[in-house]
Amino acid sequence: FFELLRDRIDRARGDGRARLIEIRDKLLELTREIDQQVQLRLQAARDFLEELLKSPNPVQALQENLPAVDNYFVQELNSALQTARQAGDFERSAKLQQMFELLQSLSAEPPELAFLEDLMDASDTQARRKLLEANQDKITPEFLDALTSIVSRVEASEDSELIERIKAIHREALRYSMELKLQG
């Protein structure tokens with residue numbers, strides 16, 4: 001971008017050239033400010049990570065401070081983990097790995113959502129029924145609550161096909177859940 005701007009400046013004359021130079025200078029200043037802010041955020045993430053590592057139980061300390069975790073922290077955690085591994089610092093590496101695994105487990109897709117995606121991918125009612133039968137253990141009150149919540153959110157959208165699919169899955173899951181209760 002700056003190369004293209006430089007080329008335009010080189011071709012421009014008079015007031016147009018001065019205006020382009022002023023724009024370039026402002027953009028360069030904004031870029032420097034953004035870079036400076038990013039560096040400050042990364043340093044804060046580094047400091048936070050080091051503070052956690054000094055605690056007796058870094059994983060518990062991380063759990064207690066989850067609201068402070070952001071993309072900068074995750075980036076620094078990955079960088080520190082890689083550096084510790086390369087340096088052969090097994091103790092630091094193990095602590096960082098545990099923290100990384102905690103964040104991974106917290107960001108993992110809930111099993112209810114994965115099951116719903118499988119049901120959405122099913123080609124028809126019969127295929128969904130087979131999935132429901134094969135996954136009886138996943139038809140929990142939590143799954144049905146999540147499904148009810150999704151139905152109400154989807155109803156607000158304008159995608160009538162999606163609305164009907166979700167409603168059909170909801171009806172089938174409720175019906176199957178009732179059948180299971182009657183059998184057992």
Fill in: CG (D124) with more than 12 external heavy atoms under 6.0 Å
yes
Worksheet entry | Flag if over 12 foreign heavy atoms under 6.0 Å of CD, E3 | no
Worksheet item: Between S149 and R153, is any side-chain donor less than 3.5 angstrom from a side-chain acceptor?
Response: yes
Worksheet entry | Inter-residue atom distance E155.CD - S160.OG, 0.5 Å rounding | 12.5 Å
Worksheet item: Between CZ of F2 and CG of L27, what distance do you get to the nearest 0.5 Å?
Response: 5.0 Å
Practice prompt. Using a 4.5 Å cut-off on heavy atoms from C-beta on, say whether the side chain of Q43 contacts that of R46.
Written response: yes
Discussion item. Can you tell me if N71 has over 12 outside heavy atoms packed within less than 6.0 Å of its CG?
Written reply: no
Practice prompt. Flag the pair L132 / L119 as yes when at least one side-chain heavy-atom distance between them is below 4.5 Å, and no otherwise.
Written response: yes
Practice prompt. Take R19 and D15 through the side-chain contact (heavy atoms from CB on, under 4.5 Å) test and state the conclusion after the steps.
Written response: CA-CA 6 Å; R19 190 176 59 78; D15 288 342; over 6 Å; no
Worksheet entry | pair M120-L162: side-chain heavy atoms closer than 4.5 Å | yes
Item to complete: Answer with yes or no whether the hydrophobic clustering places L5 together with L28; edges join I, L, V, M, F, W, Y residues whose side-chain heavy atoms lie under 4.5 Å apart.
Response: yes
Worksheet item: Taking the hydrophobic residues Ile, Leu, Val, Met, Phe, Trp and Tyr, and joining any pair whose side-chain heavy atoms are under 4.5 Å apart, which ones share a cluster with M99?
Response: F48, L49, L52, L53, V59, L62, L66, V69, F73, V74, L77, L81, L96, F100, L102, L103, L106
Fill in: Flag if over 12 foreign heavy atoms under 6.0 Å of CD, Q104
yes
Discussion item. Is there a path of hydrophobic side-chain contacts, each under 4.5 Å between heavy atoms, that joins F1 and I9?
Written reply: yes
Discussion item. I need the minimum non-hydrogen distance between Q136 and Y176, along with the two atoms involved.
Written reply: NE2-OH, 2.9 Å
Fill in: Within 6.0 Å of CZ in R8, more than 12 heavy atoms from elsewhere
no
Discussion item. Set out, in order, the CA-CA distance, both residues' side-chain angles and the distance that settles side-chain contact (heavy atoms from CB on, under 4.5 Å) for Q36 and R32, then state yes or no.
Written reply: CA-CA 6 Å; Q36 195 174 38; R32 277 191 289 275; over 6 Å; no
Fill in: Audit row: L40, Q37, side-chain contact (heavy atoms from CB on, under 4.5 Å) steps and yes/no
CA-CA 5 Å; L40 289 172; Q37 289 298 315; 4.0 Å; yes
Worksheet item: Is there a donor-acceptor pair under 3.5 Å between the side chain of S177 and the backbone N or O of A173?
Response: no
Practice prompt. Tell me, with the steps shown, if E29 and D25 meet side-chain contact (heavy atoms from CB on, under 4.5 Å).
Written response: CA-CA 6 Å; E29 180 60 29; D25 291 345; over 6 Å; no
Response to the item:
dist H170:NE2 -> L174:CG (nearest 0.5 Å) comes out at 4.0 Å
Worksheet entry | Distance (rounded to the nearest 0.5 Å) between E76 CD and L42 CG | 5.0 Å
Discussion item. Has R128 got a side-chain atom pairing as donor or acceptor with I169's backbone, closer than 3.5 angstrom?
Written reply: no
Discussion item. Regarding R129 and E133, does a basic nitrogen lie under 4.0 Å from an acidic carboxylate oxygen?
Written reply: yes
Discussion item. Is the shortest side-chain heavy-atom distance between D70 and R41 below 4.5 Å?
Written reply: yes
Item to complete: Looking only at non-hydrogen atoms, find the nearest pair between A122 and R165 and report the distance.
Response: O-NH2, 3.2 Å
Item to complete: Rounded to the nearest 0.5 Å, what's the gap from CZ on R11 to CZ on R6? Could you check?
Response: 11.0 Å
Discussion item. Test of understanding: with side chain to side chain donor-acceptor pair (under 3.5 Å), list the residues that count as partners of T31, not counting sequence neighbours.
Written reply: none
Discussion item. Within the 3.5 Å criterion, strictly below it, is a donor on E179 or Q183 matched to an acceptor on the partner's side chain?
Written reply: no
Worksheet item: Around atom CD of E91, are there more than 12 heavy atoms of other residues, nucleotides or ligands at under 6.0 Å?
Response: no
Worksheet item: How about E64 and Q60: does a side-chain donor come under 3.5 Å of a side-chain acceptor?
Response: yes
Worksheet item: So does E161 have more than 12 non-hydrogen atoms from other groups sitting under 6.0 Å from CD?
Response: no
Fill in: Separation between NZ of K95 and OG of S55, rounded to the nearest 0.5 Å
7.5 Å
